[in-house]
Amino acid sequence: MAHFQLTHEQRVYQQYYTYRFGMLFAGFVAFFWSGFLAQYFQDGAAVALPITSSTISILLLMVAVYYFVRGPKLPKQELKHFNSGMFWAKFWVVIALECIVIWAVLALCNANGYPEALWPVIAIVVALHWAPLSKLNGSRVWYPVAIIVPSCVLLTMLLMPHTATITVSGQSANTWGLVAIGAMILGLWYTAVLCLRGYLALVRQSR
């Protein structure tokens, strides 16, 4: 918000606030997306993939919860822009546009015989929407996932036909969908680690 001038202490606290909640959010959403792998791998050795992904996400979430509850804390600073109507108006505009774009693109893909585009479209739009939200919160920590995930998914869609599959332990998964879900999970893990590193760096500097 241009009309809210933040002091140095407020900017540091804003980063600290973003990191603390970011590592929780990234771990939780990664666990949520790990569940989508189960639609492809439900039997035999292949079921280890969604189980392993869920376990890693839970471990990251547990670390995030520990530092959120027991970790060092910075002195609280008032961030008035978080309470402004303009801040929340921009936030909900981004969310609304995300939903509209996902619905419109999926309808177009289904109408043209590309139902396999479900997960790629969701992954791309969800990843991209974190860029404006990250900027809105005064942090760049979500920029990597907003760049890496769409890039991986689009490259796969360009190089592989929509009917291509990957076989793991005798179970086939659509390549587009598997890459989209996998890229999102890996991007969220990376973001959780970035948030944790950023949080620890800030509390060390404040001592």
Contact check, side chains of [X] and [Y], non-hydrogen atoms, under 4.5 Å:
X: F41; Y: L178; answer: yes
X: Y199; Y: L194; answer: no
X: S134; Y: S139; answer: yes
X: Q205; Y: V12; answer: no
X: R20; Y: Y67; answer: no
X: W92; Y: I95; answer: yes
X: Y66; Y: M62; answer: no
X: L155; Y: S151; answer: no

For [X] and [Y], I'd like to know if the aromatic rings sit close, meaning centre-to-centre distance below 6.0 Å.
X: Y13; Y: Y16; answer: yes
X: W119; Y: Y40; answer: no
X: W33; Y: W189; answer: no
X: F32; Y: F36; answer: yes

Problem - Partners meeting side-chain contact (heavy atoms from CB on, under 4.5 Å) with V94 (sequence neighbours left out) - result: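 Residues passing side-chain contact (heavy atoms from CB on, under 4.5 Å) with V94: H129, P132, L133.
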Exercise for the section: Decide yes or no on side chain to side chain contact (heavy atoms under 4.5 Å, CB included) for V145 and W130, but give the supporting numbers first. Expected result: CA-CA 8 Å; V145 71; W130 280 322; 3.8 Å; yes
Practice task
May I ask you to check whether over 12 heavy atoms, not counting those of Y114, lie within 6.0 Å of atom OH?
Solution key: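 Atom OH in Y114 is not crowded, with 12 or fewer foreign heavy atoms closer than 6.0 Å.
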Practice task
Taking atom OH of Y190 as the centre, report whether more than 12 heavy atoms of other residues, nucleotides or ligands fall under 6.0 Å from it.
Solution key: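 Count not over threshold, so no.
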Exercise for the section: Examine distances only and state if a side-chain atom of N174 and a backbone atom of W176 form a donor-acceptor pair shorter than 3.5 Å. Expected result: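 Side chain of N174 to backbone of W176: a pair is present.
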